[in-house]
Amino acid sequence: MSINACNILLGGEAGQGLVTVGNLLAKILVRHGYYIVVTESYQSRIRGGHNTFSIRVSADPITASQDKVDLLVALNAQTVTIDGGTLSDTGTIVTDEAFGVTCDRCLQAPYRQLASARYANTVALGLAASLLGLSQDICSEAVREAFGRKGPEVIEENLQALAGAYQWSAGKSTPCPGLPKISAPEKRLVMNGNDAIALGALSAGIKFYSFYPMTPSTSIGLVLAANAARMGMVVEQAEDEIAAINMAIGASFAGAPSMVSTSGGGFALMVEGVSLAAMTETPLVIAVGQRPAPATGLPTRTEQSDLEFVLHSGHGEFPRAIFAPGSVEDCFFLTRRAFEIAEHSQSPVFILFDQFLADSQRAVKPFDLAGLPPIEVGARPDGVKTPYRRFELTADGVSPRLFPGMGEHLVIADSDEHTEDGHITEDLSIRKAMVEKRLAKLEWIRSQATPPSFAGDESPDILLVTWGSTFGAALEAVETMRSRGRKAALLNFSQVWPLVPQQFMDKLKGAKEVVGVEGNATAQFARLIRRETGFEIARTILRYDGLPITPEWILREIK
Amino acid sequence: MSINACNILLGGEAGQGLVTVGNLLAKILVRHGYYIVVTESYQSRIRGGHNTFSIRVSADPITASQDKVDLLVALNAQTVTIDGGTLSDTGTIVTDEAFGVTCDRCLQAPYRQLASARYANTVALGLAASLLGLSQDICSEAVREAFGRKGPEVIEENLQALAGAYQWSAGKSTPCPGLPKISAPEKRLVMNGNDAIALGALSAGIKFYSFYPMTPSTSIGLVLAANAARMGMVVEQAEDEIAAINMAIGASFAGAPSMVSTSGGGFALMVEGVSLAAMTETPLVIAVGQRPAPATGLPTRTEQSDLEFVLHSGHGEFPRAIFAPGSVEDCFFLTRRAFEIAEHSQSPVFILFDQFLADSQRAVKPFDLAGLPPIEVGARPDGVKTPYRRFELTADGVSPRLFPGMGEHLVIADSDEHTEDGHITEDLSIRKAMVEKRLAKLEWIRSQATPPSFAGDESPDILLVTWGSTFGAALEAVETMRSRGRKAALLNFSQVWPLVPQQFMDKLKGAKEVVGVEGNATAQFARLIRRETGFEIARTILRYDGLPITPEWILREIK
Amino acid sequence: MVNLQDNGKYETAWCPGCGNFPMLDAMKRALVKLDLAPHQVLFVSGIGQAAKAPHYLNANLFNGLHGRSLPAATGAKIANKNLVVIDESGDGCMYGEGGNHFLAAIRRNIDITVIVHNNQIYGLTKGQASPTTDEGVVTKAQPQGVIEEPFHPLAVAVALHAGFVARSFSGLQDHLVDMIVAAVRHRGFSLVDVLQPCVSFNKVNTFAWYKKRCSELPNEYDPTDWNLALRTASEWGDRIPIGVIYKNDRPAFEDRIDALKGGPLVGAPVPQDALAQVMAAYA
Amino acid sequence: MVNLQDNGKYETAWCPGCGNFPMLDAMKRALVKLDLAPHQVLFVSGIGQAAKAPHYLNANLFNGLHGRSLPAATGAKIANKNLVVIDESGDGCMYGEGGNHFLAAIRRNIDITVIVHNNQIYGLTKGQASPTTDEGVVTKAQPQGVIEEPFHPLAVAVALHAGFVARSFSGLQDHLVDMIVAAVRHRGFSLVDVLQPCVSFNKVNTFAWYKKRCSELPNEYDPTDWNLALRTASEWGDRIPIGVIYKNDRPAFEDRIDALKGGPLVGAPVPQDALAQVMAAYA
Ligand SMILES: Cc1ncc(C[n+]2csc(CCOP(=O)(O)OP(=O)(O)O)c2C)c(N)n1
Ligand SMILES: Cc1ncc(C[n+]2csc(CCOP(=O)(O)OP(=O)(O)O)c2C)c(N)n1
Ligand code: SF4
Ligand code: SF4
Ligand SMILES: [Mg+2]
Ligand SMILES: [Mg+2]
C-alpha cells in the first residue's frame with residue numbers, strides 16, 4: 001500500500017460505550033493534526049451484539065477505510081475472536097487480561113485494576129492513545145469536554161481511568177505506521193456525513209426540517225434539533241414520512257427553505273410528495289441515506305442500491321437533480337448546492353448518501369462561512385408582473401416565486417394540472433404547455449451540473465468509475481495501482497443526475513478498460529451511463545454484503 | 001384510410017346519462033356483429049362540464065380510435081360547438097332542434113317531442129341507432145336488460161323514447177362508412193380493459209383484492225366486488241393504498257392469490273410494499289392505471305408516463321415483471337399471466353395500463369374458460385424437506401412456498417434480511433447469499449418473457465416501436481402506410497420488463513428508421529431500450545396532452 | 001373593510017343542489033365577518049369535490065394531495081405564523097387517507113382551522129363508502145352494505161383533547177358562519193365537521209335527513225366540560241347535536257417553540273454568528 | 001397438550017432488564033393456557049424492538065414493515081380465518097406510523113389480537129418521542145421536551161367502539177397472561193396495550209413508575225358500560241387502571257362477509273361455473 005496509515009479498531013458490544021470513546025479518539029487524533037477516516041459498524045440493537053468503530057489515521061490526507069487492522073482494542077473477548085483475523089502482520093491486540101483470551105500478539109492489560117468496570121471504555125481509550133504516542137493532555141482535555149455536562153465526579157473518574165491506562169502502558173508501544181509527530185497541527189473539525197449535511201443545510205439557510213426517525217439519517221435531525229432554537233429554525237418529528245415531506249412542501253411553499261431526510265423505506269413513503277413538489281414547483285431538498293434493502297433489510301449497514309429508485313421516484317415526468325457526496329466536505333458543499341438548485345429550479349433535489357458516509361467521521365478544514373452566504377429565496381414582489389401568476393409561462397420554465405401573505409398578491413398552487421395563475425384546469429392545451437414548462441427547467445439544471453472529477457493518468461489502462469461514498473476507496477485504489485506502475489485513473493460522479501455526456505465521454509472513451517465500482521448488486525450507475533450515452537461499462541466491481549467498499553476490495557477484484 | 005369504419009361520438013355533460021347510452025350503443029353494435037373501439041373522455045366532476053363517448057365501429061377487426069367523427073350525437077348545444085370541428089367531410093350532427101344551434105350538416109330532431117327531458121339520452125340513442133340502420137328489436141332488448149332492475153315503468157318509457165326516435169328518423173339515413181349488414185353475427189362480449197383485468201384475475205383464481213378508489217382503476221374493484229360473493233373471494237376497500245398493498249401481501253402470504261390496483265399517485269404510496277413483497281418473496285399482482293401526472297394531474301385522462309417509475313419502484317434490488325396490455329384481450333390474458341409469473345417467481349408483477357384502455361370497450365371473443373384453469377398456488381407440503389425453511393437456498397432462487405396453518409410446519413417471513421428459515425439475521429455472508437438468491441429469480445422470469453409482437457414488412461423503411469395501449473393506433477398507422485405503398489412495420493411490447501434483446505434486436509437493426517411512439521413527454525421506453533441494448537431510437541412521436549394517440553396522430557407526425 | 005365581493009365569483013365543478021354551495025357562501029361570509037382580506041388567508045386542501053372549494057374564492061391556496069392537506073397546512077403555518085391557515089377538505093380526505101395526520105394535528109394543536117365537508121361518501125370517485133358512511137349503506141364498492149363501525153371524528157378529537165371541536169350543517173348557514181368564525185378565532189387546532197348532503201351519491205343522509213336531526217346545543221351547554229363533550233360528540237342518531245362541542249385553552253404549538261416566539265420564519269435572516277458557533281463545536 | 005417447551009428458546013436482541021422479556025414469557029404462557037400449538041398461530045409484527053418478539057418463540061410469523069402490521073394481519077386473517085392471528089408491535093409502530101391502520105382495524109372488527117409493547121418511546125431508533133411519550137419528556141429529538149398531547153390509544157379505541165380493549169403491565173405477568181388469553185378468546189378486534197419499561201431510553205416511565213401507578217380495575221367494574229369505559233380509558237396519572245376496560249359483542253368482520261361464511265379462502269377451489277356466469281354478463 002502506498003499510503004502510510006494506521007488502522008485502529010475498537011470492538012465491543014452495544015452499550016459498552018464504544019462509540020463514546022471512538023468519537024473521543026477520533027477527536028484526539030485530529031487535534032494532533034492527523035487525518036482520519038472512521039467506519040462505524042453496528043447492529044440493529046441497543047445492547048449486546050458486536051459492534052466496531054474503526055479509525056484509520058494518517059499524517060497525510062486519506063479518503064478511505066482499510067481492511068487490515070494495526071491496533072485492535074477489545075472491549076470484550078468476542079472482539080478478539082471475531083476481528084482477530086483482520087490483524088495486519090505487525091498488528092497488536094489490546095485486551096483485558098480478565099477476558100482470558102490468549103493470542104500471539106495480545107497485549108494483556110488489567111482493565112479492572114486501572115478503573116472500575118464502568119470506565120472500561122475509557123481505559124481502552126487511554127491504552128490506545130498512549131500506545132499510539134498521543135498526548136495525555138490532549139486526551140484529558142477531550143475527556144473533560146465530553147463529560148462536562150455529567151458533573152465533576154464523572155469527569156474525575158474518567159480522567160483517573162485515562163491516567164491509569166497511560167501509566168500502565170508507559171514504555172510500551174505498538175508498531176503503527178504513518179503517525180509521525182506533527183509539530184504545528186492545523187485546526188480541523190471532526191464530523192461525519194450527517195453532521196456535514198446538517199451544517200450544509202444550516203449554512204444554506206434552512207428554516208424547516210421534518211423527519212421520521214430512520215437509520216442512518218436520524219442524526220441529521222438530531223443535530224438540527226439541538227441547534228434549532230439558536231438558528232431560528234423549526235425541526236418537527238412527523239407522525240410518518242408522508243407527513244414529513246408534505247409538511248416540508250407546505251413550509252417551502254410559504255417561504256421557508258426546507259429539507260427532509262430518511263432512508264430507502266421511509267423515502268418509499270415520500271415519493272408521492274416528490275411528485276407534488278414537482279407539480280407545485282416547490283423547492284425541496286431530500287436527503288436519502290441508503291442502507292441494504294429491500295424492505296427493512298439490514299438497517300444499520302451500508303449500500304448504494306437506491307440510485308434508480310430515487311432517480312425515477314414519483315409518478316409523472318419532471319426535472320430533478322441528484323447529488324452523491326463522496327466525502328464529508330461534499331456533504332457540506334453539495335447540500336448547500338442542493339438548496340440552491342432546488343430554489344432556482346423550483347424542483348425536488350436529492351442528496352443520495354449512505355450509512356458508511358453518514359457515520360464516517362473525517363478531519364475537515366473549517367468551512368469559510370464568510371464566503372458562504374445563505375441562498376436567496378423567492379422572487380422580489382416588486383419585480384413581478386401583476387396580476388401575479390405563480391406559474392407564468394416563461395422561456396426557461398422558471399416563474400417568479402412569491403410567498404403567500406407577504407404582500408397583497410395571491411399565491412395559488414395546485415397538485416392538479418393548473419393554469420398560469422395556479423387554478424385547477426382540464427384544458428388540454430394548457431396541460432401541454434405546462435408539461436413543457438416544467439420539463440424546460442431541466443435545461444438549466446443540466447447547465448449547472450457538477451462535472452465528474454477525474455484523477456490519475458490520462459488515457460489510462462484502467463479507469464474506475466464511481467459515485468457517492470465509494471469515491472474515497474477508488475481514489476486510493478487508483479493511487480496504489482499507479483504507485484505500482486499501472487496507468488490508472490478515476491472518474492467520480494458527485495452529481496449523478498442529470499448527466500452531461502460532454503463532460504466525461506472523452507474520459508470513458510480514452511481508457512483501455514472501464515470498470516464500474518458500486519455498492520450494489522446490479523451496477524445501477526453503469527446502466528444509467530449506458531442509457532444516457534450508449535457507452536457500455538462491461539466490467540463492474542460490486543459489493544452488497546452491507547459493508548463499504550475498501551481500497552483492498554477493489555485491488556483484490558481487479559488483480 | 002385503408003380501414004372502413006364509422007366513428008360515432010356522443011357528447012354532453014356529466015349527469016346526462018351519456019355513458020349509459022354509450023354503453024348500450026356499444027352493446028347493440030356488437031350484437032349486430034360489428035367490432036368497436038370506445039374512447040371515453042370525461043372530466044373530473046360528477047355533473048356538468050363536457051364529456052364524450054366515442055364508438056368507432058367496423059365490420060372488420062379494428063384496434064384504434066379515430067379523430068374524425070362521422071356521426072356526432074349531441075345531448076347539449078355545447079357539444080356541437082366543441083366537437084363540431086371534428087366532423088368528417090361527409091359527417092352528420094344530430095341535435096335537438098330546441099338547442100337552437102344552426103349548422104350545415106345538422107339533423108335537427110325534436111328531442112322533447114319524442115320523449116320527456118328525462119329520456120333525452122334514450123332518444124339520442126334511438127336516433128343514432130336508427131340512422132345507422134340498426135335493428136330496433138336488438139336495441140329494445142338491450143334497453144330492457146339495462147333498465148330491468150328499475151321496474152317496468154322505466155323500461156316502458158325508455159322503449160317509447162326509442163320507438164319515437166326510430167319513427168322520427170325513419171327514411172332518414174346518414175352516410176357512415178363500413179357498416180354492411182352482417183347476416184350471422186358472431187357472439188362477442190363487450191368489455192373494457194378494467195373489466196378484462198377483473199375477469200383475468202378471477203380466471204387466475206384471485207381470492208383477495210384490496211383497493212382504495214382511484215381513477216382510472218376503480219372499476220376493477222367494483223366488478224370484483226359485484227361478483228365476490230359468488231366467486232368466493234373477498235374485496236376490501238382499504239383505509240389507504242398503503243393498507244391495500246400490505247393487506248394483499250398478508251393475504252398472499254397466507255395463501256390467497258391477491259391483487260391490488262391503483263393509479264400513479266396511489267401507487268406512489270405502495271412502493272414500500274412492493275419492496276416488502278420482494279423481500280418476503282410473496283407473490284403479488286399490482287395493476288397500475290396510468291393517468292397524466294405529476295401529482296393529481298388530470299385525473300380522468302390518459303398517459304403512459306409511469307413506466308420508469310414502476311420499473312424502479314421500491315427500495316433495493318429485486319426481480320419483477322411488467323406487462324403492458326395493448327388490447328382488452330391482452331388485459332385478460334396478461335392478468336392471468338401476471339398471476340402465474342408472480343406465483344412462480346414469488347415476486348411482485350405489474351400490469352401497467354392506462355385510462356384509455358381501462359375505459360375502452362371492445363368486442364371480444366368469449367374466453368375459452370375450459371382451457372384456462374386457475375393457477376396453482378404454493379407447494380405441496382408433502383414434497384417439502386423438513387424442517388421447513390421458507391427461504392431455502394436453491395439453484396434458481398425459488399424456494400418451496402407453504403402456507404401458515406396448513407400443516408405442522410412453521411412459515412416465517414421477515415422484511416429484515418433473514419436466514420433460510422426466515423428469521424432476522426445480521427450475518428453478512430447470509431446477506432450476500434440472499435441477495436443472489438432473490439436476483440437469481442430474474443433468470444426464470446426472463447426465460448418466460450413474452451416477446452414483442454411484430455407486424456408488417458420485414459426490413460421496413462419505417463419501424464414503429466410501441467408498448468401498452470398505443471399498440472392499436474400504431475398497428476393501424478402501419479397498415480395505412482403499407483396500403484399507401486410504404487414499407488412499414490410495428491414492434492409492440494406487451495411485456496416491458498424484463499427485456500430480452502435476442503427477441504427483437506434483429507427487428508430494430510433491420511429497419512431503416514425506428515420511431516418510438518409513446519404517450520409521454522420524455523420517451524421512457526426508448527430510453528429503456530437504449531439502456532438494455534445500447535440501441536438508440538433517435539426519433540420519437542410523443543403525446544402528453546391527456547388524450548390517447550390515434551392513427552391519424554401518428555400519420556400526421558410521420559408525414 | 002373586507003366585503004363579499006373581495007371573495008370573487010368562480011364557476012364550480014359541483015353538482016346542482018350540492019351542499020358544497022352553501023358551505024362556500026358561508027365561508028365567504030365568515031371571512032367578511034372576520035375582516036380577513038384575501039392575502040391574509042391561506043387555504044390548504046386535499047383532493048375531492050370538497051377540496052376544490054377554496055378554488056372558488058379569492059385567497060392564497062395550496063391544493064395538495066388527497067389526504068395530505070394537514071401536514072402541508074402545518075408546514076405553511078410554521079413557515080409563516082402570521083397567515084390565517086384554513087384547511088378545507090372532504091371526509092374521505094381528512095378521516096380516510098388522512099387519518100394519521102388528523103390524529104397528529106389534533107395532538108400538535110397548531111393554530112389552523114379545519115373545515116371538513118362531511119358528506120359521508122367519496123364524492124369525486126363516484127360514491128364509495130367513506131369512513132363516516134353509516135353502517136349498512138349500500139354502494140357499488142360495498143354491495144353487501146358497509147359493515148365497519150363509522151369513524152367518529154368528533155369523539156376522537158375530544159378524546160385527544162383537541163383545542164376546538166364543533167359540528168355544523170350546510171343547511172344552516174348562519175350557524176355554519178358562526179362556527180367558522182369561532183373556529184378561526186380559536187388559537188390552536190380547530191375542527192368544524194360540517195354535515196353536507198351529496199345529492200349525487202348519498203341517498204341516505206340527505207338534506208332532509210340531516211335537517212330533521214340537527215339540533216343546536218342548548219345555551220347552558222358547557223363546551224369546557226370534557227366528560228360531557230365526549231358524550232355529546234358521540235351522539236349520532238335521531239338527534240345530532242351541532243354547535244361548539246368542546247374547547248380548551250391548551251397553548252398552541254407555535255407558542256411553545258423557541259424559534260417561533262419572534263417573527264415568522266419566512267424572510268428572517270440566517271444568524272451567521274450562531275452558525276459559526278455551531279460549526280466551532282466540531283473542532 | 002401444548003406446553004412451554006413448544007415455544008422454543010431463542011437468543012434475543014434486547015437490552016438486559018428490558019420489559020420485553022417478561023412480555024415474551026407472558027405470551028408463551030398465554031399460548032399454553034390457550035392450548036395453541038405453534039402452527040395454529042400466526043404472529044404478525046412491524047419493525048422496532050417490540051416487533052422482534054415473535055422471532056423468539058415458535059409460531060408462524062410475518063414480520064412486515066414498520067407501522068404496517070395491522071393491514072398484513074388483516075389480509076392474512078381474511079385468507080385463512082382458521083389462523084389465530086396475533087399482531088405484536090411497539091407504540092411507535094402501532095400508534096405512530098401505523099395510526100391510520102389502527103383506526104381502520106378497530107372499525108373493521110376483524111378477529112385479531114393486538115399486543116402493543118408500549119414503552120412510550122422509539123426504542124430501536126434510540127430514543128425519540130413516540131405518540132405516547134408524556135408531555136414534557138426531553139429526548140435528543142425533542143430537546144425542548146415533548147409539547148404534543150400524548151395519543152390515548154385506549155380512549156380512541158373505546159370512542160370507536162372497539163370490540164375488546166385492555167391494558168396491562170409487563171411487570172404484572174399473571175395479569176398480562178390473563179389479558180392476552182381473554183383478548184385472543186374474544187371474537188373480534190382485541191387490543192391489549194401493555195406498559196413496558198424501556199431501560200435504555202425511557203428514564204421517566206420506569207418499572208417503578210408504572211408499578212406505583214398500575215391499579216387493577218375492581219371486580220364490580222362493568223366493561224360493557226361504554227360511558228364508564230371512556231372515562232376509565234382516559235385515566236392517566238397517579239392511578240393508571242389496568243384490566244379489561246371495554247368490550248362489546250359486535251359481530252366480527254369475518255362473520256359478515258359472504259365469502260368467509262364457509263371454509264377459509266386458502267385452498268378453496270375456484271368456482272368455474274360462477275366464473276362462466278360472470279363472463280356471460282358481458283355478452
Ligand atoms: C393517493 C390518492 N388516492 C386516491 C385518490 C382518488 N380520490 C380522489 S378524491 C377521492 C375521494 C374523495 O372523497 P372526499 O374526501 O370525501 O371528498 P368528496 O369528493 O366527497 O367531497 C379519492 C379516493 C387520489 N387522488 N389520491
Ligand atoms: C418506514 C420506516 N420508517 C422508519 C423506520 C425506522 N424505525 C424502525 S423501528 C422505529 C421505531 C420503533 O419504535 P416502537 O415501535 O415504539 O418500537 P420499540 O423499538 O420502542 O419497541 C423506527 C422509527 C422504519 N424501519 N421504517
Ligand atoms: S358528487 Fe356529491 S359532493 Fe360532489 S359535487 Fe356532486 S353532490 Fe356535491
Ligand atoms: S431499547 Fe428499550 S425497549 Fe429496546 S430492548 Fe432496550 S430496553 Fe427494551
Ligand atoms: Mg366526501
Ligand atoms: Mg416503543
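Note on naming: letters A, B, ... go to the chains in the order of the sequence lines (proteins, then strands), and numbering restarts at 1 for each one.
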query = Tell me, side chain or backbone of B:Val364 under 4.5 Å from chain D's heavy atoms, or both, or neither?
reply = neither
ask   = Any idea which of B:Leu410, B:Ile412, B:Val223, B:Ile206 has the most non-hydrogen atom pairs under 4.5 angstrom with chain D?
value = B:Leu410
ask   = Relative to chain D, which segment of B:Ala243 carries a heavy atom at a distance below 4.5 Å: side chain, backbone, both, or neither?
value = both
request  = Report the option among D:Asn60, D:Val266, D:Val270 that has the most heavy-atom pairs separated by less than 4.5 Å from atoms of chain B.
outcome  = D:Asn60
Segment of D:Ala59 engaging chain B (4.5 angstrom heavy-atom cut-off) = backbone
ask   = What part of B:Glu236 gets closer than 4.5 Å to chain D, counting heavy atoms only: side chain, backbone, both or neither?
value = side chain
Side chain / backbone / both / neither for D:Leu275 at chain B, heavy atoms under 4.5 Å = both
inquiry  = If I take atom CD1 from residue D:Ile78 and atom CE from residue B:Met233, how far apart are they, to the nearest 0.5 angstrom?
reply    = 10.5 Å
query = Do you see a donor-acceptor pair shorter than 3.5 Å between the side chains of B:Asp414 and D:His55?
reply = yes
task = Quick one: closest heavy-atom pair of B:Phe367 and D:Met279, and the distance?
result = O-CE, 3.4 Å
query = Side chain, backbone, both or neither: which part of B:His418 has a heavy atom under 4.5 Å from chain D?
reply = neither
task = Calculate, to the nearest 0.5 Å, the distance between atoms CG and CG belonging to B:Leu369 and D:Asp273 respectively.
result = 10.5 Å
request  = Determine the option with the most heavy-atom pairs under 4.5 angstrom with chain D, choosing from B:Gly255, B:Pro404, B:Gly405.
outcome  = B:Pro404
remark   = Here the gap from B:Asp416 atom CG to D:Lys52 atom NZ, rounded to the nearest 0.5 Å, amounts to 7.5 Å
key: For chain B, the option from D:Ala259, D:Gly262, D:Ser69 that forms the most heavy-atom pairs under 4.5 Å   = D:Ala259
inquiry  = I need the minimum non-hydrogen distance between B:His409 and D:His39, along with the two atoms involved.
reply    = O-CB, 3.9 Å
ask   = Between B:Ala226, B:Ala251, B:Ala370, which residue shows the highest count of heavy-atom pairs closer than 4.5 Å to chain D?
value = B:Ala251
inquiry  = Between D:Tyr282 and B:Val30, is there a side-chain heavy-atom distance shorter than 4.5 Å?
reply    = no
key: Proximity breakdown for B:Lys187 and chain D, heavy-atom pairs closer than 4.5 Å   = side chain
ask   = Under a 4.5 Å heavy-atom cutoff, which of B:Met191, B:Lys27, B:Glu408 has the most pairs with chain D?
value = B:Glu408
task = Check whether B:Arg188 gets within reach of chain D through its side chain, its backbone, both or neither, counting any heavy atom under 4.5 Å.
result = backbone
ask   = If you count heavy-atom pairs under 4.5 Å between each of D:Asp258, D:Thr74, D:Leu83, D:Asn80 and chain B, which one has the most?
value = D:Leu83
Any side-chain heavy-atom pair of B:Asn227 and D:Gln277 under 4.5 Å = no
ask   = In terms of heavy-atom pairs under 4.5 Å, which option from B:Leu202, B:Asp240, B:Ile249 contacts chain D the most?
value = B:Asp240
query = Quick one: which residues of residues 192-199 of chain B reach chain D at under 4.5 angstrom, heavy atoms only?
reply = B:Asp195, B:Leu199
request  = Look at D:Gln272, D:Arg107, D:Lys77 and state which one has the largest set of heavy-atom pairs under 4.5 Å with chain B.
outcome  = D:Gln272
query = When heavy-atom pairs shorter than 4.5 Å are enumerated against chain D, which of B:Ala244, B:Pro374, B:Ala256 gives the highest number?
reply = B:Pro374
ask   = Measuring heavy-atom distances to chain D, does B:Thr282 have an atom under 4.5 Å in its side chain, in its backbone, in both, or in neither?
value = side chain
request  = Counting only heavy atoms closer than 4.5 Å, note whether B:Gln237 contacts chain D via side chain, backbone, both or neither.
outcome  = backbone
Interchain contact, B:Arg390 with chain D, by part (heavy-atom threshold 4.5 Å) = neither
Heavy-atom contact with chain B under 4.5 Å, split by part of D:Ala281 = backbone
key: Interface moiety of D:Asn100 toward chain B, non-hydrogen atoms closer than 4.5 Å   = both
task = Identify which part of B:Val377 has an atom lying under 4.5 Å from any heavy atom of chain D, answering side chain, backbone, both or neither.
result = neither
inquiry  = Check this for me: B:Glu376, atom CD, are more than 12 non-hydrogen atoms of other residues, nucleotides or ligands nearer than 6.0 Å?
reply    = no
Heavy-atom pair of closest approach, residues D:Ile47 and B:Ser415 = CD1-OG, 3.5 Å
message = I need the B:Ile245 CD1 to D:Leu65 CG distance, nearest 0.5 Å.
response = 9.5 Å
Atom group of B:Met231 that falls short of 4.5 Å from chain D, counting heavy atoms = both
inquiry  = Heavy-atom cut-off 4.5 Å, strictly under: side chain, backbone, both or neither for D:Tyr10 against chain B?
reply    = side chain
task = State the OH-CD1 distance between D:Tyr56 and B:Ile424, to the nearest 0.5 angstrom.
result = 6.5 Å
